[in-house]
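Below is one structure; the comments refer to it alone.
Counting starts at 1 for both ligands and their atoms, following the listed order.
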Amino acid sequence: MAQKTYRVIQWCTGVVGKAALQHFIENPIYDLVGVLVTNPEKVGKDAGEIVGLPPTTGVLATNDVEKIIALEADCVHFAPIVTDVDLICRLLRSGKNVASVAGPFSRQHYPEQFAKIDAACQEGQTSYHACGIHPGFSGDILPLTLTRLMNRVDHIQVTEFIDKIRNPMVYTEMMGFGRDPDELLAKPSRSPEAPFAFAESMAMVAEGLGKTIEKVTTKLEVAKATQDIPYSLGVGLPDTGVVREGTVAGQHYEWTAWADGAPLITYHFYWTMGEHVEPKWDLDSRYQVVIDGDPALEVRLMARPDANGVRPFLGLPWTGLVGATAMAAICDAKPGVVTHIDLGVVQPHGLVRR
Ligand SMILES: NC(=O)c1ccc[n+]([C@@H]2O[C@H](COP(=O)([O-])OP(=O)(O)OC[C@H]3O[C@@H](n4cnc5c(N)ncnc54)[C@H](OP(=O)(O)O)[C@@H]3O)[C@@H](O)[C@H]2O)c1
C-alpha cells in the first residue's frame, strides 16, 4: 500500500525545532519543503546541516517569511521563542495546518486569540493544535490515559523536575535564578499568567473525568544557593553566569485545580541549579505522575542514563517530537482547533525504520 505523505515546514530551529526537523528529515511519511530561521548565520544552510545530518536534503533555510508562506505545504511545525498569533493565522489561511509548541494553549484565557485562529482555520480549511511535553503531554494526555488503570481517582499530581546545571537551557536567566529570594517571592519571574499556559491541560483532564474546575490556587517556594554556582546556558558552552551564594538557586511552583471542593490536579515544577542548594530537591530530571486513589500509582518519564550514568532532561526534544509525531493526524483532522480529545489515539506512522 502506498504510504500517504505530508509536505511539512519547520518554523525555527532552536532546541525544540531541531528535534522536529530531524524527525521530518528522517521519517519517510514527511516531505520537508521549507525551513524558516531567524538567525542570519543559518540562512542558506541545508536543513540536514542544521541538525547535524548530511547536507543533502536540498531544502535551504530561509529568513524570508513571505517565501515560506507562499510555499505549497500541508503543515507547519511552529517553534519560535515567542508565539505570534497573526503569523499562525496567516499560515492557517494559506492552507497549512499548524502545530504550535509556543501556544496559545488556553481558549478560556485567550478568547480573542482563539477567535482569530477559529476564523483562520475556517478560511483555510485547516487545523490548529497546541502541543509540547508540558503543556501538551505529561500533564494531560499521560495522566488521563493512566486514569484508565484506576478504580477511583482522588488526586493527580504531575511533577516536572529539572536540574538546570546538568541540563543548561536558555530559560535559566529569564526565570530569575540569582535573584534575591524575598524579591522573587514578592514578584516571581514567571509571570502571573504562566498557569494560563497549563489551564487547558488541567481542564482537559478534569473534563475527561467528568468534572469542572472550580478554582486554581498557586504557591511558590524557593531554595537558596549555599555557595556561588557558575552555570552555562547551553551544553558545551563556557560558563555564562554565576548564581551567587544566598540568592535563588531553586524554585518550586505549585498550581492546584480544585473540583468538588478538593484538590483534583496539582502541577509541581521543581527547577534547581545543581546540588549546592538549600532545601535540597530531587535532581533526577524527569516528569512524574502520581495518582492517589484506588489503586494508587506512580509513573516516571525520564531519559535512559547516558554513558556517565546521568539521565539528561529530554523535555525540549520531546516537545518537538510530540508535535512532529502528531503532524499527520493534525493534517487529517477536521478544520478548526483540535485538542488531544479531537485527535484521539494518534498513530505515529514512519517511526519503525529498520
Ligand atoms: N509546550 C511545551 O511543553 C514547551 C516546552 C519547552 C519549550 N516550549 C516552547 O518551544 C519554543 C521553542 O523553545 P526552544 O527551547 O527551542 O527555544 P530556543 O532553543 O531558544 O529556540 C527558539 C528559536 O526561535 C527563534 N528565535 C530567536 N529569536 C526569536 C525572536 N525574537 N522571535 C521569533 N523567533 C526567534 C530562533 O530560531 P532560529 O535559530 O531557527 O533562527 C531560536 O533558535 C518556545 O516558544 C518555548 O516556550 C514549549
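Remark: ligand 1 atoms within the under-4.0 Å shell around heavy atoms of Pro80 are 11 (C), 12 (C), 24 (O), 33 (C), 34 (N), 44 (C), 45 (O). Atoms of ligand 1 found under 4.0 Å from any heavy atom of Val37, numbered from 1 in the order shown, are 40 (O), 41 (O). Close approach to Leu316 involves these atoms of ligand 1, each under 4.0 Å from a residue heavy atom: 6 (C), 7 (C), 15 (O). The contact set between ligand 1 and Asn39, taken as ligand atoms under 4.0 Å from a residue heavy atom, comprises 41 (O). Ligand 1 places these atoms under 4.0 Å from at least one heavy atom of Ile133: 2 (C), 3 (O). For ligand 1, the atoms closer than 4.0 angstrom to any heavy atom of Ala102 are 45 (O). Ligand 1 places these atoms under 4.0 Å from at least one heavy atom of Lys42: 38 (P), 39 (O), 40 (O). Every atom of ligand 1 with a heavy atom of Cys131 under 4.0 Å away is listed here by number and element: 1 (N).
Protein heavy atom closest to atom 27 (C) of ligand 1, with residue, atom name and distance, is Thr38 OG1, 3.6 Å. Nearest protein heavy-atom neighbour of atom 13 (O) of ligand 1: Tyr171 OH, 3.1 Å. Of the protein's non-hydrogen atoms, Thr319 OG1, 3.2 Å is the one closest to atom 5 (C) of ligand 1. Of the protein's non-hydrogen atoms, the one nearest atom 16 (O) of ligand 1 is Val16 N, 2.9 Å.
Cation-pi contact between Arg286 and Phe161: present, with separation from the ring centre below 6.0 Å and deviation from the ring axis of at most 45°. At least one cation-pi condition fails for Arg7 and Tyr30: the charged atom is not both under 6.0 angstrom from the six-membered ring centre and inside a 45 degree cone around its axis.
Ala79 counts as a contact of ligand 1, since one of its heavy atoms falls under 4.0 Å from the ligand. Within the 4.0 Å heavy-atom cutoff, Trp318 does not count among the residues contacting ligand 1.
Scanning Val43, Leu233, Ile81 for the heavy atom closest to atom 24 (O) of ligand 1 points to Ile81. Of the candidates Val101, Asp84, Val15, Val322, it is Val101 that places a heavy atom closest to atom 48 (C) of ligand 1. For atom 1 (N) of ligand 1, the choice among Gly136, Pro135, Gly315 with the nearest heavy atom turns out to be Pro135.
Side chains of Asp86 and Lys116 form a contact here, defined as non-hydrogen atoms less than 4.5 Å apart.
Surrounding CD of Gln347 are at most 12 heavy atoms belonging to other residues, nucleotides or ligands under 6.0 Å away.
Residue contacts with ligand 1, taken as heavy atom pairs separated by less than 4.0 Å, involve Phe105 solely via side-chain atoms from C-beta onward.
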Worked verdict on Leu220 versus Glu254 for side chain to side chain contact (heavy atoms under 4.5 Å, CB included) = CA-CA 6 Å; Leu220 168 61; Glu254 183 183 307; over 6 Å; no

Using the side chain to side chain contact (heavy atoms under 4.5 Å, CB included) rule, take Val322 and Ile133 through it: C-alpha gap first, then chi angles, then the decisive distance, then the call.
-> CA-CA 7 Å; Val322 80; Ile133 187 67; 5.6 Å; no

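Under the side-chain contact (heavy atoms from CB on, under 4.5 Å) test applied with Leu283, the options Val277, Val310, Ile165, Thr272 reduce to a single match, Thr272.
Under the 4.0 Å criterion applied to side-chain N and carboxylate O atoms, Arg90 and Glu66 are assigned as salt-bridge partners.
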